[in-house]
Amino acid sequence: MTLLHSLRRQITATMAGLLALVLAMTILGVLVIRSMSTTVNDELSMLEADANIGGSLVASVLGEIRAAEQYLLAPSVTLEREFVTRGDSAYEDQRRFRALRSLSSSDRHVVNKLAANQAAIEVAYATA
């Protein structure tokens with residue numbers, strides 16, 4: 001009878017230990033999943049911000065080129081103002097792009113090259 005009682009205690013203690021381990025693993029799993037979820041949400045929000053700024057930059061530069069082309073065909077004060085406004089908007093978007101912490105050095109190089117090309121385009125349209 002003592003052997004059975006001792007065996008019962010060992011099984012009960014082992015089962016309690018296993019349940020404690022399962023509970024600890026569950027808690028750890030929940031914490032890891034929450035941490036990963038937060039990280040993924042942060043990355044997605046940064047990606048969304050990058051995409052929004054990039055789209056705005058492209059729209060500004062293309063709008064500036066369109067306004068310049070229209071101005072060359074039919075000069076007007078409105079088109080001249082739009083050309084300047086779109087250019088300023090593009091430079092503001094470039095500044096916002098440079099301020100992003102997720103931008104790599106090669107991305108920054110591309111933004112700088114874009115700024116140089118935009119300045120060259122503005123000079124070409126201004127002299128035309």
Side-chain angles (χ1 to χ4, degrees):
M1 195 69 136
T2 317
L3 183 62
L4 186 61
H5 189 60
S6 145
L7 187 58
R8 213 178 264 164
R9 254 194 236 157
Q10 286 181 353
I11 290 174
T12 303
T14 304
M15 289 301 289
L18 287 173
L19 286 175
L21 286 174
V22 168
L23 181 64
M25 287 175 23
T26 303
I27 291 171
L28 183 63
V30 167
L31 292 176
V32 167
I33 288 173
R34 282 186 184 164
S35 173
M36 287 176 57
S37 177
T38 302
T39 303
V40 167
N41 285 337
D42 291 346
E43 290 292 325
L44 284 175
S45 64
M46 267 196 303
L47 184 60
E48 183 181 11
D50 293 356
N52 287 339
I53 295 171
S56 177
L57 178 60
V58 168
S60 296
V61 171
L62 292 177
E64 182 182 21
I65 292 170
R66 182 188 47 78
E69 290 289 330
Q70 288 178 343
Y71 180 80
L72 290 177
L73 294 174
S76 74
V77 175
T78 306
L79 289 173
E80 182 181 4
R81 267 193 241 129
E82 183 181 351
F83 175 73
V84 171
T85 302
R86 293 289 188 147
D88 291 344
S89 176
Y91 285 117
E92 176 62 24
D93 290 335
Q94 290 171 18
R95 185 194 62 74
R96 287 175 40 211
F97 237 130
R98 287 185 186 105
L100 292 174
R101 58 188 164 102
S102 62
L103 222 56
S104 68
S105 60
S106 63
D107 292 336
R108 291 183 193 287
H109 177 71
V110 169
V111 172
N112 291 336
K113 200 169 186 177
L114 180 73
N117 287 340
Q118 180 185 359
I121 289 170
E122 287 176 350
V123 169
Y125 279 120
T127 55

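What you are looking at is a predicted structure, and each value in this text was computed from that prediction instead of being measured.
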With a 4.5 Å limit on heavy-atom distance, are the side chains of L57 and L114 in contact? yes
Would you name the heavy atoms of R108 and F97 that are closest together and state the gap between them? NH1-O, 4.4 Å
Note: E122 and G87 closest approach over all heavy atoms is OE2-CA, 3.8 Å
Side-chain atoms of residues 68-80: list all donor-acceptor pairs with protein atoms under 3.5 Å, sequence neighbours left out, distances to 0.1 Å.
unit_1	atom_1	unit_2	atom_2	d
E69	OE2	Y125	OH	2.4
Q70	OE1	R66	NH1	3.3
S76	OG	L79	N	3.2

Heavy-atom pair with the smallest gap, counting every atom of R86 and S60: CB-O, 3.6 Å
Taking all non-hydrogen atoms of both residues into account, name the closest pair between R98 and A115 and its distance. NH2-CB, 3.6 Å
Would you say the side chain of S89 lies within less than 4.5 Å of the side chain of D93, judging by non-hydrogen atoms? yes
Give every donor-acceptor pair under 3.5 Å between a side-chain atom in residues 14-36 and any protein atom, sequence neighbours left out.
unit_1	atom_1	unit_2	atom_2	d
T14	OG1	Q10	O	2.7
T26	OG1	V22	O	2.8

Can you find a heavy atom in the side chain of E48 that is under 4.5 Å from one in the side chain of N52? yes
In one Ile/Leu/Val/Met/Phe/Trp/Tyr side-chain cluster, 4.5 Å: V111, M46: no
